[in-house]
Trainee: 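First, the structure itself, so that you have it in front of you.
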Amino acid sequence: MSTNVFLSYASMPAWVLIVLMLIGVALLCLGGDKLTGGAAALGLHLKIDPVIIGLTIVAVATSMPELFTTLLAAVMGSPDLAVGNIVGSNIVNIGLILGLAGFFWPFKCHAHLAVQEMPILLVVTIIFCAMGYSGGVIDRKEGFVLLGITVVYIFSIVRRRRSNTSASVEMLEEVPLRLPEMSVGRAVTWVLAGGVLLAAGSDLLVNSAIVEARNLGVGELVIGLTIVALGTSLPELATVIASSIKGQSGMAAGNIVGSNLFNMMLIGGGVSAISPLAFSPRLFNIEIPAMFGLTVLLWLFMRRFDKVGRVEGGALLLAYAVIIWTTVRAAA
């Protein structure tokens, strides 16, 4: 059922639905950018350490497109689209985005990322998948557990930053920041405007994607794993490309690891706490193993080679192509 009382999606031709999906993606990107900028500026006004702003406020704000889209899909009774967006975004982030970054702009990985952050990502991935496998749903209690893990993770970041004795401080200080300076009033306006754009964009994208999937006879899970996941991951793609062009490709891996963590902990946990997320059994045939496999593969590249070069990037891109091809073929 559509949540928009002004648009009758079911009566629209396919090309109009595709245009609305593209508009929805554009609004999500713009809304995420505005919300991120406004939230970062408010953090500066509150005298919060700029590095902590980048690692917490900005990291959370850049996950808002996925959050709005996943939450709306879950509330509308489309759990396949909701879960598909989370799992698909993580697959896109590693397979496509880091694959492209490594293939075109080879980069070295910070040792701390492989030793500490990647194991955390692996553990969280196992917890998220285990919750979905047990009973086929992440319920409200499990959602709050994931949110609790999010709080602990953010607290550990702040503690490491303030300790000044941790070996990870150098890596934390390398986080690329573009913190805008603006008045409090303007910052609040940006946050509110970003929220409105995110709400509008997620409404357009989710509603048009659901109707298009039904018209094409394609499952909502496939749409969530492919089109919606790619659309909501565009901010991460833009950030990685921009960093790579500036010769800061090494930061790409950190951005992606953080994004994947928040996708499962914050988005998965937050949405489940409001509306339990049901997992389709077929996810455990292809996509869940693929998400975990890509995470392990990235960790092995970091541990063994300390880099993601053209060979590693090509391997990630090939793996992504095989996963998408297998997903679409299995749904045919």
Trainee: Quick check on F284: does its CZ atom have over 12 non-hydrogen neighbours (other residues, nucleotides or ligands) under 6.0 Å away?
Mentor: yes
Trainee: Taking side chain as C-beta onward, heavy atoms only, is L113 less than 4.5 Å from M302?
Mentor: yes
Trainee: Taking atom CZ of R282 and atom CG of L221, what is their separation to the nearest 0.5 Å?
Mentor: 5.0 Å
Trainee: Considering all heavy atoms of both residues, which atom of L266 and which atom of L147 are nearest to each other, and what is their separation?
Mentor: O-CD2, 3.8 Å
Trainee: F301 versus L316: any side-chain heavy-atom pair under 4.5 Å?
Mentor: yes
Trainee: Indicate yes or no: at least one non-hydrogen side-chain atom of V211 is less than 4.5 angstrom from one of N215.
Mentor: yes
Trainee: Indicate, with yes or no, if the rings of Y133 and F128 have centres closer together than 6.0 Å.
Mentor: no
Trainee: Using atom types as modelled and distance alone, determine if a side-chain donor or acceptor of S183 lies under 3.5 Å from a backbone N or O of R186.
Mentor: yes
Trainee: Look at the side chain of T150 and the backbone N and O of L146, then say whether any donor-acceptor pair between them is shorter than 3.5 Å.
Mentor: yes
Trainee: Between T232 and N85, is the side chain to side chain donor-acceptor pair (under 3.5 Å) condition met? List the steps.
Mentor: CA-CA 8 Å; T232 56; N85 185 32; 3.0 Å; yes
Trainee: In Å, rounded to the nearest 0.5 Å, how long is the span from CG of L121 to CG of L298?
Mentor: 8.0 Å
Trainee: Report yes if some heavy atom in the side chain of F279 is under 4.5 Å from a heavy atom in the side chain of V137; otherwise report no.
Mentor: no
Trainee: Are I18 and L230 connected into the same hydrophobic cluster when the rule is that any two of I, L, V, M, F, W, Y join if their side-chain heavy atoms are below 4.5 Å apart?
Mentor: no
Trainee: Do you reckon F144 sits in the same ILVMFWY cluster as L277, going by side-chain contacts under 4.5 Å, direct or chained?
Mentor: yes
Trainee: I'd like to know if the side chain of W299 reaches the main chain of A114, judged simply by a donor and an acceptor atom lying under 3.5 Å from each other, with no hydrogens or angles considered.
Mentor: yes
Trainee: For the residue pair G37 and M182, what are the closest heavy atoms and their distance?
Mentor: O-CE, 4.3 Å
Trainee: For residues I94 and L297, determine if any side-chain heavy atom of one lies less than 4.5 Å from a side-chain heavy atom of the other.
Mentor: no
Trainee: Would you check if R140 and P276 make a side-chain contact, meaning some heavy-atom pair closer than 4.5 Å?
Mentor: yes
Trainee: Between R303 (side chain) and V115 (backbone), is there a donor-acceptor pair under 3.5 Å?
Mentor: no
Trainee: Is it the case that one hydrophobic cluster holds both V196 and L35, taking links as side-chain heavy atoms less than 4.5 Å apart, direct or via other members?
Mentor: no
Trainee: Begin from the C-alpha positions of L81 and I210 and carry the test side chain to side chain contact (heavy atoms under 4.5 Å, CB included) through to its verdict.
Mentor: CA-CA 8 Å; L81 188 63; I210 290 174; 3.7 Å; yes
Trainee: When rounded to the nearest 0.5 angstrom, what is the spacing between CG in L261 and CD1 in I267?
Mentor: 11.5 Å
Trainee: Determine whether Y320 and V92 satisfy the following criterion, side chain to side chain contact (heavy atoms under 4.5 Å, CB included), listing intermediate values before the conclusion.
Mentor: CA-CA 7 Å; Y320 175 75; V92 168; 3.7 Å; yes
Trainee: Got a second to check how far L198's CG is from L205's CG, nearest 0.5 Å?
Mentor: 11.5 Å
Trainee: Can a side-chain donor-acceptor contact be found between E142 and S272 if the only test is distance below 3.5 angstrom?
Mentor: no
Trainee: Side chains of S259 and N93: is there a donor and an acceptor less than 3.5 Å apart?
Mentor: yes
Trainee: To the nearest 0.5 Å, tell me how far I286 CD1 sits from M291 CE.
Mentor: 14.0 Å
Trainee: For a 4.5 angstrom cut-off between non-hydrogen side-chain atoms, does V145 reach M131?
Mentor: yes
Trainee: Does the pair W190 and L42 meet the rule for a side chain to side chain contact (heavy atoms under 4.5 Å, CB included), with working shown?
Mentor: CA-CA 10 Å; W190 274 37; L42 285 175; over 6 Å; no
Trainee: Using 0.5 Å steps for rounding, measure from the OG1 atom of T125 to the CE atom of M265.
Mentor: 10.0 Å
Trainee: For the residue pair G143 and I138, what are the closest heavy atoms and their distance?
Mentor: N-CG2, 4.1 Å
Trainee: For a quick test of reading the model, state the closest non-hydrogen atom pair linking A41 to A187 and the distance between them.
Mentor: CB-CB, 3.9 Å
Trainee: Would you say L28 ends up clustered with L192 if hydrophobic residues are merged whenever their side chains have heavy atoms under 4.5 Å apart, either directly or through other cluster members?
Mentor: yes
Trainee: Just do the side chain to side chain contact (heavy atoms under 4.5 Å, CB included) check on E66 and I86 with the steps written out, would you?
Mentor: CA-CA 7 Å; E66 286 93 340; I86 295 175; over 6 Å; no
Trainee: With distance as the sole test, does S156 use its side chain to make a donor-acceptor pair with the main-chain N or O of Y153 at under 3.5 Å?
Mentor: yes
Trainee: Regarding S89 and N263, do their side chains bring together a donor and an acceptor under 3.5 Å, going by distance alone?
Mentor: no
Trainee: Report yes or no: do V228 and V75 belong to one cluster of Ile/Leu/Val/Met/Phe/Trp/Tyr joined by side chain heavy-atom distances under 4.5 Å?
Mentor: yes
Trainee: Determine yes or no for a side-chain-to-main-chain donor-acceptor pair under 3.5 angstrom, with D33 supplying the side chain and C29 the backbone.
Mentor: no
Trainee: Check M76 against N207 and note the closest heavy-atom contact, atom names and distance.
Mentor: CE-OD1, 3.1 Å
Trainee: Of all heavy-atom pairs between T70 and V271, which one has the smallest distance, and what is that distance?
Mentor: CG2-CG2, 3.9 Å
